[in-house]
Protein chains: 2
Amino acid sequence: MAMISQKAKYALRALIALARAPQSEPLVISDIARVHRIPKKFLEQILLDLKRQGLLTSKRGKGGGYVLLRPADKITYGEVLRIVDGPIAPLPCLSITAYRKCADCLDETNCETRQVFAHVADATRKVLDQTTIADAVAMPRHELLAS
Amino acid sequence: MAMISQKAKYALRALIALARAPQSEPLVISDIARVHRIPKKFLEQILLDLKRQGLLTSKRGKGGGYVLLRPADKITYGEVLRIVDGPIAPLPCLSITAYRKCADCLDETNCETRQVFAHVADATRKVLDQTTIADAVAMPRHELLAS
DNA sequence: GCCAACCCGATAGGATTTGTCAACTATACC
DNA sequence: GGTATAGTTGACAAATCCTATCGGGTTGGC
Ligand code: FES
Ligand code: FES
């Protein structure tokens with residue numbers, strides 16, 4: 001089940017890159033795309049989404065680019081995933097941000113599937129809503145032991 | 001992200017129905033489909049998959065049907081999901097049953113995304129591999145208070 | 001004015017999901 | 001043996017989503 005989309009991977013990778021940029025110096029799409037192996041036009045869309053949701057700001061023209069609008073430790077994985085991949089819950093009836101009744105279950109309170117996956121959703125959210133981009137930036141970098 | 005498929009919902013619902021059948025009396029596809037609102041032909045495929053993986057057995061002809069091959073408390077949600085929806089891990093590089101290198105990450109040990117979602121995967125598996133069909137069957141049934 | 005860079009809408013190919021169909025095979029029962 | 005029952009098989013179709021690309025438009029710096 002439950003694969004995270006390529007789009008989400010790209011989004012997170014780009015955000016980490018932005019968080020690493022010294023002094024919130026603006027980064028250009030082309031650079032991020034090239035350095036982090038992300039299709040450029042695809043990345044444009046992604047960054048635009050993130051901007052529209054208030055995570056980023058941008059400057060046009062020469063010397064322009066993208067900058068984080070908040071400190072990296074205030075941007076959670078959960079937030080990013082909800083923007084690019086939609087609700088985190090594994091069932092529409094379990095989403096807190098976008099609840100929708102399950103079409104094929106008529107008795108929601110007695111639905112066993114719902115009860116079990118409520119635990120899954122909780123566990124997932126506990127991780128994703130507490131991990132931030134700053135955590136990712138701070139992660140230990142293992143050396144690649146050559147030869 | 002991460003929606004659980006309709007197929008998985010159907011599979012679980014059918015298994016719970018089978019676990020509820022008295023004395024492992026065989027249940028017929030048509031009945032399960034009708035009672036639990038599952039498209040019949042779709043359900044056939046699903047039960048066949050579950051049979052091929054050794055969860056069920058079947059008998060043909062009159063008086064036939066499907067029967068659980070193991071006690072319900074020996075069938076985990078994780079097992080079922082892996083059969084119908086494939087790997088549980090949210091990234092190919094995190095699957096224990098079907099590991100595959102991520103095509104676009106060249107340095108797996110330093111991949112921040114991977115490290116974060118490893119926690120998600122752990123949390124998910126902790127729930128899914130410990131919850132069984134028997135747990136679902138035993139769930140409290142709330143009355144629908146009809147006025 | 002002109003180049004750099006972001007912004008926007010459309011769209012296309014492919015994969016996946018969900019479901020259907022027709023025909024086949026095995027079993028029970030008379 | 002015939003007939004009805006019920007599972008088995010493989011192909012296939014519609015819808016949706018994912019990934020990515022294209023062509024142009026707009027803004028800002030110099
Ligand atoms: S009500 Fe959402 S799964 Fe049953
Ligand atoms: S290696 Fe799997 S996500 Fe980076």
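Order of the sequence lines sets the chain letters (A, B, ...), proteins ahead of strands, with each chain counted from 1. Only heavy atoms go into these numbers, but all of them, side chains included; no hydrogens, no water, no symmetry mates.
Remark: P of D/dG7 and CG of B/L43 are 9 Å apart, rounded to the nearest angstrom. When the P atom of D/dA20 is taken as reference, atom NZ of A/K9 falls 10 Å away, rounded to whole Å. At whole-Å resolution of the value, NZ in B/K40 and P in C/dA22 are 13 Å apart. In this structure, B/Q6 places its CD atom 17 Å from P of D/dA15, rounding to the nearest Å. What separates CZ of A/R13 from P of D/dT19 is a distance of 12 Å, to the nearest Å. Distance CG (B/L50) to P (D/dG7): 14 Å, rounded to an integer number of Å. In this structure, the CG atom of A/D31 is 13 Å from the P atom of C/dA4, given to the nearest Å. Atom-to-atom, CG of A/D49 to C1' of C/dC8 comes out at 12 Å; the value is rounded to the nearest Å.
Mapping A/K62 and B/V28 onto DNA chain D via the closest heavy atom, the residue that lands nearer the 5' end is B/V28. When each of B/G61 and A/L48 is assigned the nucleotide of DNA chain C with its nearest heavy atom, A/L48 is the one assigned upstream, toward the 5' end.
Judged by distance alone, the side chains of B/D107 and B/T109 do bring a donor and an acceptor atom under 3.5 Å apart. Counting only N and O atoms by type, the side chains of A/D104 and B/Q6 include a donor and acceptor under 3.5 Å apart. With hydrogens and angles left out, the side-chain atoms of A/Q130 and A/D135 include no donor and acceptor closer than 3.5 Å. Residues A/T113 and B/K9 have side chains that never bring a donor and an acceptor to within less than 3.5 angstrom of each other. For the residue pair A/S5 / A/D85, a side-chain donor-acceptor distance below 3.5 Å is found, with atom types taken as modelled.
Residue B/I29 is classed as a sugar-phosphate contact, given heavy-atom separations below 4.0 Å to backbone atoms only. Residue contacts for A/L27: at a heavy-atom cut-off of 4.0 Å it reaches the sugar-phosphate backbone alone, with no base atom in range.
Closest to the side chain of A/E44, out of C/dC7, D/dT8, C/dT18, is C/dC7. With D/dT21, C/dC6, D/dT8 as the choices, the nucleotide that has an atom nearest any side-chain atom of A/K41 turns out to be D/dT21. Side-chain proximity of B/K59 to the nucleotides C/dA28, D/dA20, D/dT8 is greatest for C/dA28. Distances were taken from every side-chain heavy atom of B/K51 (C-beta onward) to each of C/dG19, D/dG23, D/dG7; the shortest belongs to D/dG7.
In this structure, A/R52 reaches the C/dC8 phosphate: one of its side-chain N or O atoms is under 4.0 Å from OP1 or OP2. Proximity of A/Y10 to the phosphate of D/dT19: no side-chain N or O atom is located under 4.0 Å from OP1 or OP2. Remark: A/Y66 is in phosphate contact with C/dC7, judged by side-chain N or O atoms under 4.0 Å from OP1 or OP2. The shortest distance between the side-chain N/O atoms of A/K7 and the OP1/OP2 oxygens of D/dC17 is not below 4.0 Å. Side-chain nitrogen and oxygen atoms of A/S58 include at least one within less than 4.0 Å of the OP1 or OP2 phosphate oxygen of C/dC7.
In the displayed structure, B/R70 atom CZ is contacted under 6.0 Å by more than 12 heavy atoms of other residues, nucleotides or ligands.
Within 3.5 Å, no donor on the side chain of B/R60 pairs with an acceptor on the base of D/dT8, nor the reverse. At a cut-off of 3.5 angstrom, the base of D/dT19 holds no donor-acceptor pair with the side chain of A/Q45.
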